[in-house]
Each structure stands twice: as structure tokens, then as C-alpha cells.
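Working notes, structure below.
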Amino acid sequence: MVRPALTMASIAERTFIAIKPDGVQRGLVGEIIKRFEQKGFKLVAMKFMHASEDLLREHYIDLKDRPFYPGLVEYMHSGPVVAMVWEGLNVVKAGRVMLGETNPADSKPGTIRGDFCIQMSRNIIHGSNSVENAEIEINLWFTPDELVDYTCCEHEWI
């Protein structure tokens, strides 16, 4: 039996990554982008923005009953963020590994949080925790026409 050739388009998934205000203010944007590029993921969309409180409340809606929710929304609204969509094989899971644990004290050296964070309330980056949540978050932060489609220029060697 001959199997059809797999292309990146047939096996790739997308994830939402946001560099939080403390990551932006500390000048870590380039380093974080570099890590995702070096891993082999494709940047599909990116915005440098000051997210509205309404957007942030919707983004963190699953945490609305937690005592830290108001402070989280306030913190995320305190400065600019970099919202991104990355594409690649198992990018959601790989992205979470690259980020490290939510609590930087539990993050291993070599992860973004392990290398750059010491405080859970300022953990510099957000990443989707599932393919389903990635789709929800991407659709919340980006319109379809803001997402780049690489199928026009896809090469097997990349």
C-alpha cells in the first residue's frame, strides 16, 4: 500500500502565544520569537497591542470565578502585549514545554519561564493549553484575514 506524502499543511496545528506586559517591558520579545523560530515553527500572525479589558476578560473567562481574576486582567491591561499565532507539528504541546510551568519556580532551566521568571504573577508569557483552546484564543485575538497561509510557498525542506 502506498501512503500519500505528508506535508506540513496536513500535520500542522496552530497555537496562540502572548508575551505579557512584563515580558515586553523587559525586552524579551526578540528572544522568545527566536526560540520559536529556532524550534522550526512558523509565525502565522503577530500584533503588538494594548489589549482592551473586554478582550482580556473574554480571554480569561474560564478563570472568572478565581480570586486572582481581577488582578490578572488588570496586570494584562497594564501595558502592551505581543499576541502571536505559531504553526507547526505538535506546536501546542511543544509550545507549552518551551514555556515551562505556570509557576516559574517549577520551571526547568532552558524553558522561557525557567530562564527569565521568578514570580508566578509575572510569568511573562501565555500559551494555549490545548488545540481546542488555541482555536478559541486565535479567533478571539485575530480575524481570519490576519493569519498568513504558508501553503502558497511551502517547501518540503523547510
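Below, all heavy atoms of this structure are taken into account, side chains as well, without hydrogens, waters or symmetry copies. Remember, it's a predicted structure, so these values are computed and weren't measured experimentally.
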State which residue, out of [options], fulfils the side-chain contact (heavy atoms from CB on, under 4.5 Å) condition with [X].
X      : options                        : value
Cys117 : Thr102, Thr111, Ile124, Asn103 : Ile124
Ile17  : Val85, Leu99, Leu43            : Leu99
Asp115 : Lys108, Arg35, Glu31           : Arg35

Find out whether [X] and [Y] are in side-chain contact, i.e. whether some heavy atom of one side chain is under 4.5 Å from a heavy atom of the other.
X      : Y      : result
Gln119 : Arg122 : yes
Arg113 : Glu101 : no
Ile125 : Phe116 : no
Lys93  : Thr15  : no
Phe41  : Ile33  : no
Ile32  : Ile112 : yes
Leu28  : Ile19  : no
Leu55  : Met49  : yes

Which atom pair, heavy atoms only, marks the closest approach of [X] to [Y]?
X     : Y      : value
Arg14 : Ala134 : O-CB, 3.4 Å
Pro67 : Pro70  : O-CD, 3.6 Å
Ala83 : Phe142 : O-CZ, 3.4 Å
Val24 : Pro80  : CG2-O, 3.5 Å

Side chain to side chain donor-acceptor pair (under 3.5 Å) contacts in which one or both residues fall within residues 61-84, not counting sequence neighbours
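Listed once each, the pairs are Asp22-Tyr75.
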
Looking at [atom1] of [X] and [atom2] of [Y], how far apart are the two atoms once the value is rounded to the nearest 0.5 Å?
X      : Y      : atom1 : atom2 : answer
Ser107 : Ile118 : OG    : CD1   : 12.5 Å
Glu135 : Glu13  : CD    : CD    : 11.5 Å
Met84  : Met46  : CE    : CE    : 7.5 Å
Arg96  : Asn90  : CZ    : CG    : 15.0 Å
Arg57  : Leu63  : CZ    : CG    : 14.0 Å
His50  : Met76  : NE2   : CE    : 10.0 Å

Side-chain H-bond candidate by donor/acceptor type, Asp54 with Ser52, under 3.5 Å:
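No donor-acceptor contact under 3.5 Å links the two side chains.
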
Pair Ser128, Glu137: side-chain N/O donor-acceptor within cut-off below 3.5 Å:
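Side chains of Ser128 and Glu137: pair found under 3.5 Å.
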
So which pairs with a foot in residues 20-39 pass ring pair (Phe, Tyr, Trp, His ring centres under 6.0 Å), sequence neighbours left out?
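Checked against ring pair (Phe, Tyr, Trp, His ring centres under 6.0 Å) - neighbours excluded - the pairs reaching residues 20-39 are Phe36-Trp86.
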
Are [X] and [Y] connected in the hydrophobic side-chain network, where two residues link if heavy atoms are under 4.5 Å apart?
X      : Y     : answer
Val131 : Val44 : no
Phe68  : Leu56 : yes
Leu147 : Val91 : no

With Lys39, which residues qualify under side-chain hydrogen bond (donor to acceptor under 3.5 Å, both in side chains), at least two apart?
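Counting only residues at least two positions away or on another chain, Lys39 forms no side-chain hydrogen bond (donor to acceptor under 3.5 Å, both in side chains).
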
Students often mix this up, so state it plainly: with edges at 30° and 60°, are the rings of His126 and Tyr60 parallel, tilted or perpendicular?
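It falls in the perpendicular class, over 60°.
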
Ionic contact status for Lys42 with Glu37, cut-off 4.0 Å
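Result for this pair is no, no salt bridge flagged.
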
